[in-house]
Amino acid sequence: MPIFDSIGIAGSGATTYRKWLDAVSDNIANMNDAVSTSSAAFRARYVIAQPANDGHGVQVGGIALGSANGRVVYDPQNPLADAQGNVRMPDIDLGDQMGQLMMAQRGYQANLSVVDRAKDAYQAALQLGRNA
Amino acid sequence: MTIVPIGAVTAAPKIAPASAATGASGGGDFASALAGGLDKLQQMQTNSDNMAVKAATGSLTDVHDYMIASTEASLATQLTVAVRNKAVEAFNDIMRMQA
């Protein structure tokens, strides 16, 4: 996108924040997955953002995974509980995820604002000399 | 009952560069720049059309990608029209010259 660079760059930012939103929704959806203590807990997803390879904007370099140990919770009523009455839960804090959710949402909106402002700026440039 | 998928919107045929203008000395640069600009505009509109088809068929992963592509196509069209209007205006000014 050689003519409208800033619009393309803001678009890459919006795509990155959309992936962050996806990661947060995955974490919240799996927040209460209980497993037996002998298996691994759900691992939280973290988006790795980095500058784009072509030098224009940002890209997602990969997904980092949280701890597989999780938390061991005493819940003897759970059918998955071991002899001591423990199950393994993912180590995901809802408050932390909600904070990330807000940051991802606001970041997405900020990038779309950049697209809007850049469009207005280009249209103002096209008005140059219109009435001359 | 099967639903027939919507066919892709075919882009308008490519406008051939004005070959007559290249004959005049110094006219080749502007004509080739104009043809290059039109090619780029057509590319953006094809991209926007493809995104529209994806949005209609449900295979669009990013909503903003379509809106950005259509915004870019619209801006490029406005730019091309502005350049064309200026060129026609200049041509008319020259035609009105009196000896």
Side-chain angles (χ1 to χ4, degrees), chain A residues 1-26 45 47 49 52 54 56-63 101 103-132, chain B residues 11 14-15 17 29-55 58-96:
Chain A
M1 288 163 246
I3 311 182
F4 307 117
D5 257 351
S6 54
I7 292 183
I9 289 171
S12 76
T15 303
T16 303
Y17 280 104
R18 197 267 300 160
K19 288 177 179 170
W20 191 7
L21 279 171
D22 289 354
V24 170
S25 65
D26 203 14
R45 278 100 166 87
V47 165
D54 61 0
H56 293 282
V58 63
Q59 69 179 20
V60 173
I63 299 290
L101 189 63
M103 283 190 278
Q105 186 207 349
R106 293 300 183 191
Y108 188 87
Q109 288 174 335
N111 276 284
L112 295 190
S113 291
V114 171
V115 174
D116 227 23
R117 297 301 169 90
K119 190 198 75 179
D120 286 351
Y122 287 129
Q123 276 176 336
L126 285 170
Q127 296 294 325
L128 268 181
R130 186 63 60 89
N131 301 316
Chain B
K14 196 192 290 182
I15 299 164
D29 284 345
F30 180 69
S32 59
L34 195 61
L38 284 176
D39 274 352
K40 212 161 276 175
L41 168 65
Q42 198 201 356
Q43 196 183 319
M44 279 180 182
Q45 284 182 339
T46 310
N47 188 26
S48 175
D49 285 347
N50 289 341
M51 294 274 188
V53 172
K54 275 190 182 174
S59 59
L60 187 71
T61 48
D62 281 320
V63 181
H64 58 263
D65 271 353
Y66 170 47
M67 300 316 291
I68 285 172
S70 67
T71 302
E72 279 187 336
S74 151
L75 279 174
T77 309
Q78 288 175 28
L79 176 63
T80 308
V81 169
V83 170
R84 187 207 75 116
N85 287 346
K86 283 289 172 195
V88 169
E89 205 179 302
F91 176 76
N92 283 338
D93 281 346
I94 292 167
M95 288 302 282
R96 274 196 295 271

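When reading the values below, keep in mind they use all heavy atoms of this one structure, side chains included, and skip hydrogens, waters and symmetry mates. Residue numbers start from 1 in every chain, and the chains themselves are labelled A, B, ... in the order their sequence lines are given, proteins ahead of strands.
To the nearest 0.5 Å, the span separating CD1 on Ile7(A) from CE on Met67(B) amounts to 12.0 Å. The CD1 atom of Ile68(B) sits 13.0 Å away from atom CZ of Phe4(A), with the distance rounded to the nearest 0.5 Å. Going from atom NE2 of His64(B) over to atom OH of Tyr108(A) covers 5.0 Å, rounded to the nearest 0.5 Å. Residue Asp22(A) holds its CG atom at 10.0 Å from OG1 of Thr61(B), rounded to the nearest 0.5 Å. To the nearest 0.5 Å, atom OG1 of residue Thr71(B) and atom CD of residue Gln123(A) are 9.0 Å apart.
Summarising the geometry of Leu126(A) relative to Leu75(B), their closest heavy-atom pair is CD1-O, 4.2 Å, with the distance given to 0.1 Å.
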